[in-house]
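Let me begin by presenting the structure, written as structure tokens, before commenting on it.
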Protein chains: 2
Amino acid sequence: MSPKSGDDGTVVSLSDGRTRPRGGGEGRRGEIVSAAADFFAEHGYHTVGMREIAEAVGIRGASLYNHFSSKEEIMYAIALRMTRELQDQHMPLLDAAGTPRERLANLIRAHILSLAEHQTEHLVSLREQTALTPEHLAEITDIRKYYQRRVRDVIAAGVAAGEFHAVNPHQAAVAVLDMMNGISWWLHDGEDVEALADTYTAYALDGVLQSGS
Amino acid sequence: MSPKSGDDGTVVSLSDGRTRPRGGGEGRRGEIVSAAADFFAEHGYHTVGMREIAEAVGIRGASLYNHFSSKEEIMYAIALRMTRELQDQHMPLLDAAGTPRERLANLIRAHILSLAEHQTEHLVSLREQTALTPEHLAEITDIRKYYQRRVRDVIAAGVAAGEFHAVNPHQAAVAVLDMMNGISWWLHDGEDVEALADTYTAYALDGVLQSGS
DNA sequence: GTCTATAATTGGATAGAC
DNA sequence: GTCTATCCAATTATAGAC
């Protein structure tokens, strides 16, 4: 087994010809999460059975319980991966040097690019929140709220610096995030994601945040 | 039974002190749909049992089948009520006299007001699409697409008239609709809906549609 | 870590009396 | 139209061998 691969040797080919183990490098667990996310996105959390998920990764239903203690734990892993990944990768962009406008532009671009890269997981973690236990939901919600607060703060900083006209940073942050997250519902393969990111950056920075409301 | 009421006499009090039968005036069926929508919004379609819905309207689970042939038919009624209502009530606003900008402003306001009035149904019909049969989903999707096309067309008309700067009416329509529909997820009682409609109208007309992308 | 077999429960839907 | 009683299928999760 020469190129580094998943536990069963499954690999995913990248655009430059190299390969990486399927499932985000977490081995079998990552494989399961990715397969489950695809099914959940297509058919919804509750219509998908453990047997289907298992079959997709080449094992039997019962064997899933060697990796996750319940179906909900798989869903939780999806939601956590998405929210944490967005937070860990994007918050540094808001902490970096630059004007508020520049920092927000970087975040919007990064947000849309990761959303496009993990579209199914993102859609599932937005749509299937009711599948989470109250404790897990609370944890996910906290992370989301923190992310939203940070966006609000950089908008407020931009308003203070005279770069934006919006008078209500909280409401503007919600509107911009809802507009971006909506992309998860309709983005299809073959779309020019870079152009999409440019367009939405303009919608936000030269649009919503200049509307003077 | 003096004021007009539901089959069981249940009434809803309006802001001016008058009452109307609960459930949108469709009698028992409307009552069931409203109760189901509340539960679906709170806990998700699949976590809610027929027995719970029945109990909420004061009957037994089996009796629901005198009004709906299946649980999915209840969900379908929710989705159809929301999509058709938006279409029937709002398309005339786009057909009326006035500039594209004025007509779109009227639609945005009406969209947000009905969304606030029927928030739970709206959230459910957006989020629980995977609960619908393929046939019903296709029907709902067609109505949604038509609505979106009409918004795109009025944007295109506004661009042609020099009222808007957006170069891609389709993408701008999607962004504006996603931004508005996002409201369903977080709107809470006591919010000033009129002010919200004003703000979002500005986000769209003076924001996204002036961003020049 | 995966398997077969099965437990345990849930939940949508039906039958037939009233 | 509503009830009680029940069926039946599906599905999460466990037990214990390999």
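This is a predicted model, so every value here is computed, not measured.
- Taking atom CG of L64(A) as the reference point, atom C1' of dC3(C) lies 13 Å away to the nearest angstrom.
- Within a 6.0 Å radius of NE2 in H170(A), no more than 12 heavy atoms belonging to other residues, nucleotides or ligands are found.
- A tilted orientation is assigned to the rings of H111(B) and Y147(B), their planes being inclined by 30° to 60°.
- Using modelled atom types, one finds no donor on one side chain facing an acceptor on the other under 3.5 Å when comparing D178(B) with W185(A).
- Taking atom CE on M75(B) and atom C1' on dG12(C), their separation rounds to 17 Å, with Å as the unit.
- Between Y76(B) and H136(B), the angle of the ring planes stays under 30°, which puts this pair in the parallel group of the 30/60° scheme.
- If you measure from atom CZ of F40(B) to atom C1' of dG12(C), you get 12 Å, rounded to the nearest angstrom.
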Checklist entry - How does protein reach along nucleotides 4-18 of chain D, written 5' to 3' as B (base within reach of a heavy atom under 4.0 Å), S (only sugar-phosphate), or - (no contact)? => result B-B----SBBB----

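- A donor atom on one side chain and an acceptor atom on the other are not found under 3.5 Å apart for E85(A) and H90(A).
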